[in-house]
Amino acid sequence: NVAPGTDIDVISGLDPETVYFSPMRWGFRPGWAGAKAPSPINARAESVASSRYFRGAFAHKRCLVPADGWFEWSQTGAGKVPYYITAVSGDEPAVLFFAGLWEYGEGDEPVCAIITEPASAPLAHIHERQPVVLDRACLAQWLDPALENREAVRASVQRQPPESYQVRRVSQAVNAPRNDYPELLEAVSDEA
């Protein structure tokens with residue numbers, strides 16, 4: 001139950017031969033932006049390559065955020081209902097790789113954001129957006145610093161097939177980041 005503003009594990013690379021696995025602050029505020037600038041946790045895929053805030057990182061500092069899934073909330077007449085979205089490979093849960101961006105923040109602390117896009121058909125009934133989840137076959141291409149423009153990146157990377165997602169309603173306990181234990185991922189009934 002990772003909260004924005006905390007450190008998350010990120011895979012990055014500044015050259016084709018070296019890949020780093022390190023913690024980064026989840027909240028993108030580049031050092032050049034100043035202390036009063038926003039620190040968004042997400043960047044929209046539709047504008048990430050052209051946005052002044054993100055375009056430099058998109059061209060030169062793309063990263064991967066590994067996760068076993070993510071929480072999303074559906075707005076209903078009774079309030080927000082949390083869901084956990086994951087994927088399986090064979091009979092086992094699969095590691096997901098979210099497309100992300102990173103930059104050096106204040107004091108050279110690395111900061112990052114996850115790229116989001118309109119939700120795929122199987123998930124659109126829950127929420128209108130979702131993380132960009134990359135297919136495992138193109139992870140190296142995503143990190144490749146030689147791919148600098150949007151068209152080259154788009155031609156080289158593929159999304160994970162949306163039919164691989166599994167969705168289950170989970171406990172309202174995920175609404176509080178202080179709750180961080182494996183049982184949060186267990187399904188609850190629709191009446192809960």
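What you see below is based on every heavy atom in this structure, not just the backbone, and it leaves out hydrogens, waters and symmetry mates. If you're wondering where the values come from, they're calculated on a predicted model, not measured in any experiment.
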Results of side chain to side chain donor-acceptor pair (under 3.5 Å) for S50 - residues two or more places apart only: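 So S50 forms no side chain to side chain donor-acceptor pair (under 3.5 Å) with any residue.
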Within the 4.5 Å heavy-atom criterion, are [X] and [Y] side-chain neighbours or not?
X: N179; Y: S171; result: no
X: R150; Y: F58; result: yes
X: L185; Y: D68; result: yes

Co-members of V88 in a cluster of I, L, V, M, F, W and Y side chains, linked at under 4.5 Å: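 The other cluster members (ILVMFWY side chains, heavy atoms under 4.5 Å, direct or chained): none.
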Aromatic plane relationship, Y104 with W102 - under 30° parallel, 30 to 60° tilted, over 60° perpendicular: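 Plane angle over 60°, so perpendicular.
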Geometric class of the Y53/W32 ring pair [parallel <30°, tilted 30-60°, perpendicular >60°]: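 Because their plane-to-plane angle is over 60°, the rings of W32 and Y53 count as perpendicular.
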Distance from [X] atom [atom1] to [Y] atom [atom2], nearest 0.5 Å?
X: L184; Y: Q172; atom1: CG; atom2: CD; answer: 11.5 Å
X: R169; Y: S189; atom1: CZ; atom2: OG; answer: 7.0 Å
X: F54; Y: E103; atom1: CZ; atom2: CD; answer: 11.0 Å

Partners meeting ring pair (Phe, Tyr, Trp, His ring centres under 6.0 Å) with [X] (sequence neighbours left out):
X: Y20; value: none
X: F97; value: none
X: Y83; value: none

Consider only side-chain heavy atoms of I, L, V, M, F, W and Y, link residues closer than 4.5 Å, and tell whether [X] and [Y] are in one cluster.
X: V167; Y: V95; value: no
X: W26; Y: L64; value: no
X: V132; Y: F28; value: yes
X: V153; Y: I114; value: no
X: V65; Y: F71; value: no

Non-hydrogen atoms of V170 and V174 that approach each other most closely: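 In terms of heavy atoms, the two residues are closest at CG2-CG1, 4.2 Å.
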Closest non-hydrogen atom pair between N1 and A173, with its separation: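 It is ND2-O, 4.2 Å.
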Salt bridge (Lys or Arg N to Asp or Glu O under 4.0 Å) involving E72 - partner list, sequence neighbours excluded: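 None.
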Result block: side-chain N/O donor-acceptor pairs under 3.5 angstrom for residues 116-123, not counting sequence neighbours:
| unit_1 | atom_1 | unit_2 | atom_2 | d |
| --- | --- | --- | --- | --- |
| T116 | OG1 | R129 | NE | 3.1 |
| T116 | OG1 | R129 | NH2 | 3.3 |
| E117 | OE1 | R159 | NE | 2.9 |
| E117 | OE1 | R159 | NH2 | 2.9 |
| E117 | OE2 | R159 | NE | 3.4 |
| S120 | OG | Q130 | OE1 | 3.1 |

Pairs satisfying salt bridge (Lys or Arg N to Asp or Glu O under 4.0 Å), at least one member in residues 27-43, at least two apart: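 Sorted pair list comes back empty.
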Listed pairs under 3.5 Å, donor-acceptor, residues 137-147 side chains, sequence neighbours left out:
| unit_1 | atom_1 | unit_2 | atom_2 | d |
| --- | --- | --- | --- | --- |
| W142 | NE1 | C63 | O | 2.7 |
| D144 | OD1 | A146 | N | 2.8 |

Test log, rule side-chain contact (heavy atoms from CB on, under 4.5 Å), inputs L101 and R62: CA-CA 4 Å; L101 308 168; R62 293 182 302 274; 4.1 Å; yes
Main-chain N/O of A152 paired to S156 side chain as donor or acceptor, under 3.5 Å: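 Yes; at least one donor-acceptor contact below 3.5 Å.
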Intermediate values then yes/no, side-chain contact (heavy atoms from CB on, under 4.5 Å), W73 and I126: CA-CA 7 Å; W73 287 260; I126 298 172; over 6 Å; no
Whether over 12 other heavy atoms sit under 6.0 Å from R168 CZ: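 Buried by this count: over 12 neighbours within 6.0 Å.
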Pairing residues for T76 by the side chain to side chain contact (heavy atoms under 4.5 Å, CB included) criterion, not counting sequence neighbours: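 Counting only residues at least two positions away or on another chain, T76 forms a side chain to side chain contact (heavy atoms under 4.5 Å, CB included) with S74, A78, V81.
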Side chain to side chain contact (heavy atoms under 4.5 Å, CB included) partners for L96, two or more places apart: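 With sequence neighbours excluded, L96 shows a side chain to side chain contact (heavy atoms under 4.5 Å, CB included) to W70, A87, F98, V133, Q160, given in chain and number order.
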May I have the list of side-chain donor-acceptor pairs in residues 5-13 shorter than 3.5 Å, sequence neighbours left out?
| unit_1 | atom_1 | unit_2 | atom_2 | d |
| --- | --- | --- | --- | --- |
| T6 | OG1 | A3 | O | 2.5 |
| D7 | OD1 | R25 | NE | 3.4 |

